[in-house]
Amino acid sequence: MTRQTQIGEVGADARAVAGRLGPGELLAGDGDADLEAELTALIAGAYHRHDGLLERADRLADLAAARGSERYVALAQLARADLYNRTRRAPEGARIAQTLLRSTTDPVVAARAHAVISGALWRLGETGESPDHAEQAVRLLTDTDPLCLRVDHAIVLAMQLHAYRLAGTSVEAFRNAQDLAEQLGHPVLMVANLNNWSWVQYERGELADAVELVERMRRLAEDTGLALNASAVDTLARILLESGDADRATAVIQRALEGWAAETDSGGIPGCLLTLGEIRRRNGDFAAAIESLTACREICVQNKLAEIGSRALRELASCHAAIGDYRSAYEYLETFHGEWSQLRSQQSEAAASVVQAVFDIEDARRRSREYQQLAERDPLTGLWNRRKCEEDLSALLEAPAAERGPASVAILDLDHFKQINDRFSHSVGDRVLCVVAQLLRDTAGPDGRAVRLGGEEFLLILPVDGAAAREICERLRGAVAAHDWSTVCPGLYVTTSVGVTEMGPDDDYSALLRRADDHLYLAKNLGRDRVVADDVSRAGADPEIR
């Protein structure tokens with residue numbers, strides 16, 4: 001039997017370590033040791049298999065109440081809220097956590113409530129707020145508190161640091177979470193963290209690291225007889241695909257779809273179908289790809305999984321375009337854009353509702369700052385958005401020139417970005433945007449500002465004069481061109497054109513951006529992959545050059 005096929009087998013020992021006791025088998029005993037063991041089983045079960053967990057959380061609450069343990073009654077309620085987060089009921093899970101956070105004086109309960117709120121916000125697409133709650137979930141616990149909570153909160157924090165685009169910090173956080181999970185000795189939680197960690201490295205374009213981590217996950221599952229859940233299967237298959245092993249990726253997903261992979265987040269199985277559809281499209285088997293994507297789409301519509309359903313529409317459009325059915329491709333793409341816009345609007349409304357309830361718990365200064373961030377961050381890249389750019393630039397322009405010091409603005413546009421989406425897929429395009437965003441963030445440093453204006457267009461605000469800004473942008477242009485894009489997708493090459501201008505004493509917002517945009521236009525006309533600044537523009541380059 002090959003290693004790959006062994007992953008799917010789950011014996012009695014594996015069920016025991018996963019905390020899957022049968023109905024009525026709640027641990028009994030004196031003190032809190034058995035309550036902590038049951039809480040560990042519930043936390044691990046949320047990552048492994050959900051069957052019977054809601055009932056089990058209720059039994060833990062009843063036993064804790066009979067023991068007079070208010071802490072474990074609250075932790076049982078929060079276990080239920082965490083399961084709601086994972087089953088398309090994130091606003092409801094967040095409300096339970098908010099109520100407990102408002103009323104408790106127990107730091108352990110408060111920490112768990114923050115973790116549940118963080119998870120709810122993350123699933124609602126609100127990556128600007130969730131890391132703060134994840135950080136508090138870790139900070140409020142001590143070394144004497146239940147280790148299962150410390151492990152889970154460390155896993156949550158690592159994911160939130162990644163969502164906040166703190167790449168180096170998130171790697172250390174994943175390593176810390178893995179150390180804690182190994183200290184607990186629970187394979188389900190070790191696999192859960194390795195799954196998240198490998199996916200993050202894949203999204204960051206660190207394919208070699210992703211392959212190593214996903215192999216650790218696979219070996220651990222094999223050694224313990226633990227079945228990978230659908231989310232982990234999708235991670236494994238996606239990384240196998242990008243590392244050139246499409247056949248094995250297909251086999252892994254097909255076995256999952258045959259029924260042996262549990263679904264611990266509602267998008268697990270549809271995610272597998274989406275990945276399978278992309279594999280088949282890349283292999284030129286468009287009929288099979290359309291079949292997988294249609295099945296994905298049907299599940300998403302039935303279960304109201306808007307995000308994965310929208311991505312399936314985009315892949316369907318690509319498949320129909322490839323076989324020359326441009327009418328269907330256009331219709332799918334049109335539906336995708338409509339659903340995607342509606343999804344983002346609904347997520348923002350739901351997230352705003354959850355965050356507003358959290359604001360009632362915290363002081364007014366913090367509430368004001370967090371509420372502002374709801375409308376200031378780009379959800380894909382984590383950079384500041386156009387609205388925040390307008391506010392900051394306008395404030396900078398209003399300051400007297402002598403007080404603000406030198407300042408420059410650069411507008412960057414990725415060259416031939418539509419071809420990247422068309423040739424390699426929109427998911428690859430999204431990853432390109434995230435890599436470029438990190439390069440921009442590094443370039444801006446603590447004193448500058450990196451902004452996503454929209455699409456493939458970015459902006460930098462730099463506290464330096466025009467000559468220095470041009471040098472900085474030239475280094476950035478070179479960094480984009482020199483990046484190892486094959487780690488994102490084989491055959492990929494990305495360049496950027498830049499227009500940079502120094503802020504003048506009489507500039508207003510429109511004039512400043514118009515000048516930078518004119519320089520960008522000239523950079524495009526001069527052949528792309530170049531920087532045009534005020535001195536180049538004044539030299540009078542031929543605008544007809546293509």
Side-chain angles (χ1 to χ4, degrees), residues 378 381 383-417 433 435-483 494-546:
D378 171 57
T381 64
L383 297 181
W384 299 111
N385 61 18
R386 180 185 290 270
R387 173 178 174 176
K388 179 63 174 174
C389 170
E390 291 178 359
E391 292 178 359
D392 287 359
L393 263 185
S394 296
L396 194 60
L397 287 163
E398 290 173 2
E403 293 181 8
R404 72 178 180 231
S408 299
V409 167
I411 296 180
L412 306 87
D413 187 86
L414 300 186
D415 298 326
H416 303 298
F417 187 72
L433 293 174
V435 172
V436 171
Q438 185 59 53
L439 292 173
L440 285 164
R441 192 179 288 106
D442 294 341
T443 299
D447 298 324
R449 177 142 295 185
V451 177
R452 185 185 180 196
L453 293 176
E456 67 272 24
E457 194 170 56
F458 299 87
L459 181 139
L460 280 173
I461 305 173
L462 300 169
V464 296
D465 61 25
R470 182 182 178 186
E471 292 180 7
I472 291 171
C473 290
E474 184 59 44
R475 290 197 297 270
L476 173 62
R477 181 207 62 77
V480 172
H483 185 79
V494 181
T495 62
T496 186
S497 300
V498 187
V500 57
T501 186
E502 183 172 355
M503 188 177 296
D506 299 323
D507 277 330
D508 60 19
Y509 179 84
S510 297
L512 181 65
L513 263 64
R514 183 168 56 250
R515 191 165 63 248
D517 197 55
D518 288 344
H519 296 351
L520 171 64
Y521 179 76
L522 182 56
K524 294 284 189 182
N525 282 345
L526 289 172
R528 297 181 171 83
D529 189 21
R530 67 189 63 225
V531 177
V532 169
D534 295 325
D535 54 346
V536 176
S537 185
R538 284 194 296 269
D542 184 357
E544 295 304 316
I545 295 177
R546 291 290 188 270

Start with the C-alpha distance between Leu393 and Leu513, add both sets of side-chain angles, then the distance that settles side chain to side chain contact (heavy atoms under 4.5 Å, CB included), and finish with yes or no. CA-CA 10 Å; Leu393 263 185; Leu513 263 64; 3.4 Å; yes
Residues Arg387, Glu390: salt bridge by 4.0 Å N-O rule: no
Considering only NZ, NE, NH1 and NH2 on the basic side and carboxylate oxygens on the acidic side, decide whether Arg386 and Asp378 come within less than 4.0 Å. no
For side chain to side chain contact (heavy atoms under 4.5 Å, CB included), just list the numbers for His519 and Leu522, CA-CA rounded to whole Å, side-chain angles, deciding distance to a tenth of an Å, and then say yes or no. CA-CA 5 Å; His519 296 351; Leu522 182 56; 5.6 Å; no
From the options Leu412, Leu433, Thr496, select the one residue that forms a side chain to side chain contact (heavy atoms under 4.5 Å, CB included) with Glu456. Leu433
What closest approach, in Å, do [X] and [Y] show between heavy atoms, and which atom pair accounts for it?
X      : Y      : result
Leu476 : Leu440 : CD2-CD2, 3.5 Å
Glu502 : Asp534 : N-OD2, 3.0 Å
Val409 : Leu459 : CG1-CD1, 3.7 Å
Leu397 : Leu512 : CD2-CD2, 4.3 Å
Ala533 : Arg470 : CB-CD, 3.8 Å
Gly504 : Asp507 : N-OD2, 2.6 Å

Between Ser497 and Asp415, a side-chain donor and acceptor under 3.5 Å: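 Note: Ser497 and Asp415 side chains meet the donor-acceptor criterion.
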Using distance alone, with no hydrogens and no angle criterion, decide if Arg515 and Thr501 have a side-chain donor and acceptor under 3.5 Å apart. yes
Are any non-hydrogen side-chain atoms of Glu471 and Val464 less than 4.5 angstrom apart?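 The answer is no, as the side chains (C-beta and beyond) never meet within the 4.5 Å cut-off.
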Do side-chain atoms of Arg475 reach the backbone of Cys473 as a donor and acceptor pair under 3.5 angstrom?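 No: the side chain of Arg475 does not pair with the backbone of Cys473.
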